[in-house]
There are 2 protein chains.
Amino acid sequence: MFTLAEENYLKAIFHLEHESAGDVSTNAIAESMDTKPSSVTDMIQKLAEKKLLVYKRYKGAQLSDTGRKVAINVIRKHRLWEVFLVEKLNFHWDEVHEIAEQLEHIQSEELITRLDKFLGSPDFDPHGDPIPDKHGVLKRTEKKLLSEIEKNQKGVCVGVKESSAEFLQYLDKKKISIGTKIKVLGKEFFDGSMIIQIGNDQFFISNKIAENLYVQTQE
Amino acid sequence: MFTLAEENYLKAIFHLEHESAGDVSTNAIAESMDTKPSSVTDMIQKLAEKKLLVYKRYKGAQLSDTGRKVAINVIRKHRLWEVFLVEKLNFHWDEVHEIAEQLEHIQSEELITRLDKFLGSPDFDPHGDPIPDKHGVLKRTEKKLLSEIEKNQKGVCVGVKESSAEFLQYLDKKKISIGTKIKVLGKEFFDGSMIIQIGNDQFFISNKIAENLYVQTQE
DNA sequence: TTTTATTTTTAGACAAGACTAAAATAAATC
DNA sequence: GATTTATTTTAGTCTTGTCTAAAAATAAAA
């Protein structure tokens, strides 16, 4: 249906639309896709002709409803494959992105339907990002940074803000992953550091960590 | 490492080399890949420059050792994914080819190592074709056509010769699939038809069926 | 051994998707 | 408001992989 390049552009534009309001600039797309602005102009003009986005010269791009649908479907596939790689093939959550970037372009509705079922229709990927359902509907999560949680409150780890390999490896060492339940036992005012409890273990974490970890607070 | 087109050419040439002896002709490749001979000439010249095959003008092509290694690796991936689709996602064996054609090009050694392990290192794909191991070694099967089996001999169904959707569906209806044990109870001389036993059921099959079903006779 | 037919290759063109260099537009500064 | 700076677009080129049409080599037939 759509080429690999087209799908990647739509996906990138979708993500950029959610990072800041308004139209997405040519330069922003170029930077996020590690390509040149002139190449981006070429492509968004083609995508505009195909009605996958709305484009005005010098004014940036904005996904159309159909364009958004395509983007969300690619993201759904990406995240489902990530679950597969981590849950079934025992990859670490910091190893799966590149492979999922390839798998997300496999064309077969039936495949994704069955994969979803096989995985138990997960709502979140291994990084805690929500997986859109068949109709593109995302489970809305009220996720906060761990640093925003008050003393004695609990939360479930649902993702990370900055996903550098070093940070993910730190979390791995501390046995923190998606679904890990965290309770804030104490919070230091002057530097934002915390004492937290995971299972029966209690330990200290710095503000830098707490500001990069998303948790979902229990209603 | 290699492009999608390159991998497909190498795979096609590998299969053609096993269908008949000698160099593989330009026309044969073109036909098997549903493309034009001139396109094939272009590509095999490029592949020859990359030392993936040996090519002499007007004399056809022949895979080099490295070319064969690449082809076998693609076939390994294709067949492992077919096992995954049938065993884990419950696809029918006549639905998986197209999807596996896409999945076979996913680039990640680690992925295939883990997929193989996850599937229990299968020796055969759902069509009964052998799956090359990590080093490209194929389990040698002494497979015969069912029509070649003598009365009172037994065999295990390992594959089909012509895999048209109609034929595969016929087999499905008769509950014949890979691993099915078949015993020849009687053989009619003049038309080659047979009475066979599968489990506790006995039934009649025509020569046309018997000539399209591969079985492995027990040593 | 010519002639004819078939196969294969070359030459030239095209689409997708990228690039560089230069021009056009918009934003920022004086 | 004029000018400098940054962003975006155009024009032209390149690579990959394909095609058509025509030429060249091989194989088959007379």
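Here is how names work: the chains are called A, B, and so on, in the same order as the sequence lines, proteins then strands, and each is numbered from 1.
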Its 5'-most and 3'-most nucleotides having an atom under 4.0 Å from a non-hydrogen atom of chain B, DNA chain C is contacted over C:dT7 to C:dT10
Should we say atom CD of A:Q107 is surrounded by more than 12 heavy atoms from elsewhere, each under 6.0 Å from it?
-> yes
Does the side chain of A:Y55 get closer than 4.0 angstrom to OP1 or OP2 of D:dT8 through an N or O atom?
-> no
Side-chain N or O of A:T41 closer than 4.0 Å to phosphate OP1/OP2 of D:dT9 | yes
B:D172: side chain to side chain donor-acceptor pair (under 3.5 Å) partners, not counting sequence neighbours = B:H92, B:W93
To the nearest 10 degrees, what angle separates the axes at the start and end of the helix from C:dT1-D:dA30 to C:dC30-D:dG1, five pairs each?
-> 10°
Do [X] and [Y] make a side-chain contact, defined as non-hydrogen atoms from C-beta onward lying under 4.5 Å apart?
X      : Y      : answer
A:Q102 : A:E98  : no
A:K175 : A:T180 : no
A:D116 : A:I131 : no
B:E95  : A:E110 : no
B:I205 : B:L213 : no
B:P126 : B:V83  : yes
B:I106 : A:I106 : yes

Will you find, in the side chains of A:N8 and A:H105, an N or O donor that is under 3.5 Å from an N or O acceptor?
-> yes
Side-chain donor-acceptor pair under 3.5 Å between B:S25 and B:N27, yes or no?
-> no
Classify the ring geometry between B:W81 and A:W81 as parallel (under 30°), tilted (30 to 60°) or perpendicular (over 60°).
-> perpendicular
Please state whether the rings of B:F14 and B:H18 are parallel, tilted or perpendicular, taking 30° and 60° as the class boundaries.
-> tilted
Between CD of B:Q62 and CG of B:D23, what distance do you get to the nearest 0.5 Å?
-> 4.5 Å
Using whole Å, report how far CZ of B:F2 lies from C1' of D:dG17.
-> 17 Å
Starting at OH of B:Y9 and ending at P of D:dT16, how long is that distance when rounded to a whole Å?
-> 14 Å
Ranking D:dA11, D:dT8, D:dA21 by distance to the side chain of B:S38, first place goes to D:dA21
Could you please spell out the steps behind the salt bridge (Lys or Arg N to Asp or Glu O under 4.0 Å) verdict for B:E7 and B:K11?
-> CA-CA 6 Å; B:E7 288 191 347; B:K11 187 183 53 157; over 6 Å; no
Using heavy atoms and a sub-4.0 Å distance, could you list which residues of residues 19-26 of chain A are near DNA chain C? By number, please.
-> none
Residues touching DNA chain C, which here means a heavy atom under 4.0 Å, drawn from residues 29-37 of chain B | B:P37
Heavy atom of residues 43-52 of chain B under 4.0 Å from DNA chain D: which residues?
-> B:M43, B:K46
